[in-house]
A.B. asks: 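Questions regarding the structure given below will be posed in turn.
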Amino acid sequence: MEIRYRIQETRSAAWKIAGALRHKELKEKGLFTIRHLAGSHSEVLLCRLGEVCLARSKVSCSAIVTLGELSVTLKKDMDSAVDEVARVLLQMVSSSPEFVQKAASKSLGIMVQNVTPAAMTALMDMGVK
């Protein structure tokens, strides 16, 4: 029963990652379109610049939420990336719009709950230095 559950969990994670990659490709295509518009029809973008900045923040927020979900799914396998992920999330907490800060803080909490104590000790030691 345990093996079946693990296989199902792994498939579910694989589908989530595949979906995220497709979603990422769509976002990249959208950003390319915005860059093209900036070069050819800047007047269209100038009146909607605030929306472009908000869209960028929403994409960042989505990526941050994904990091939290990866921590839950990968658990101890995420240990090797803890220092880099924590650094990025801490940066987002300190220098982003409020809704991005909240997502980063939540993902940090999720990560702390799901990595091994050894990984957290190494992270804390690195922070002390």
Side-chain angles (χ1 to χ4, degrees):
M1 188 68 159
E2 176 70 22
I3 293 174
R4 245 188 216 153
Y5 174 75
R6 290 292 179 192
I7 291 171
Q8 187 177 19
E9 190 176 75
T10 302
R11 284 183 184 156
S12 176
W15 278 108
K16 284 181 183 179
I17 291 170
L21 290 174
R22 280 192 297 276
H23 198 64
K24 176 186 167 286
E25 290 170 359
L26 288 173
K27 289 175 186 176
E28 288 174 347
K29 194 174 190 178
L31 290 172
F32 173 80
T33 301
I34 290 170
R35 285 194 307 269
H36 179 72
L37 272 173
S40 59
H41 301 288
S42 58
E43 69 281 355
V44 173
L45 286 180
L46 284 175
C47 65
R48 303 184 84 177
L49 196 55
E51 292 176 38
V52 172
C53 292
L54 182 60
R56 189 176 142 245
S57 293
K58 286 183 178 180
V59 170
S60 295
C61 191
S62 178
I64 289 167
V65 169
T66 300
L67 286 172
E69 291 174 0
L70 284 172
S71 295
V72 170
T73 304
L74 299 176
K75 296 194 183 302
K76 69 178 181 178
D77 292 330
M78 189 84 168
D79 284 2
S80 62
V82 165
D83 58 340
E84 185 177 352
V85 171
R87 196 173 306 124
V88 168
L89 291 175
L90 286 169
Q91 183 179 16
M92 298 307 281
V93 166
S94 67
S95 62
S96 298
E98 186 178 352
F99 72 96
V100 175
Q101 289 177 0
K102 287 180 181 178
S105 180
K106 184 176 179 182
S107 288
L108 265 172
I110 290 169
M111 184 183 70
V112 166
Q113 292 173 352
N114 287 283
V115 296
T116 63
M120 285 311 303
T121 301
L123 185 60
M124 290 188 314
D125 287 346
M126 187 179 73
V128 169
K129 295 176 186 172

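Basis for what follows: all heavy atoms, side chains included, without hydrogens, waters or symmetry-related copies.
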A.B. asks: Please lay out, stage by stage, how V85 and M111 fare under the test side-chain contact (heavy atoms from CB on, under 4.5 Å).
C.D. replies: CA-CA 9 Å; V85 171; M111 184 183 70; 3.7 Å; yes
A.B. asks: Side chains of D79 and T116: is there a donor and an acceptor less than 3.5 Å apart?
C.D. replies: yes
A.B. asks: Got a second to check how far D77's CG is from S71's OG, nearest 0.5 Å?
C.D. replies: 11.5 Å
A.B. asks: Do V115 and V93 share a hydrophobic cluster, counting only Ile, Leu, Val, Met, Phe, Trp and Tyr and linking them when any side-chain heavy atoms are less than 4.5 Å apart?
C.D. replies: yes
A.B. asks: Are any side-chain N or O atoms of T66 and backbone N or O atoms of S62, one a donor and one an acceptor, separated by less than 3.5 Å?
C.D. replies: yes
A.B. asks: Quick one: do V112 and M92 end up in the same hydrophobic cluster if we chain Ile, Leu, Val, Met, Phe, Trp and Tyr together by side-chain heavy atoms under 4.5 Å apart?
C.D. replies: yes
A.B. asks: What pair of heavy atoms forms the shortest contact from S96 to Q101, and how long is it?
C.D. replies: O-NE2, 2.8 Å
A.B. asks: Given the rule that I, L, V, M, F, W and Y join up when any side-chain heavy atoms are under 4.5 Å apart, are M78 and L90 in one cluster?
C.D. replies: yes
A.B. asks: Going from CG on L67 to CG on L74, what distance comes out if it is rounded to the nearest 0.5 angstrom?
C.D. replies: 10.5 Å
A.B. asks: Are V100 and I110 in one and the same hydrophobic cluster, where Ile, Leu, Val, Met, Phe, Trp and Tyr link if side-chain heavy atoms are under 4.5 Å apart?
C.D. replies: no
A.B. asks: Check whether any side-chain N or O of S94 sits under 3.5 Å from a backbone N or O of Q91 as a donor-acceptor pair, and report yes or no.
C.D. replies: yes
A.B. asks: Going from CE on M124 to OG1 on T121, what distance comes out if it is rounded to the nearest 0.5 angstrom?
C.D. replies: 5.0 Å
A.B. asks: Between S107 and I64 (side chain of the first, backbone of the second, donor and acceptor by atom type, cut-off under 3.5 Å), is there such a pair?
C.D. replies: yes
A.B. asks: Under a 4.5 Å side-chain heavy-atom rule over Ile, Leu, Val, Met, Phe, Trp and Tyr, are L108 and M120 clustered together?
C.D. replies: yes
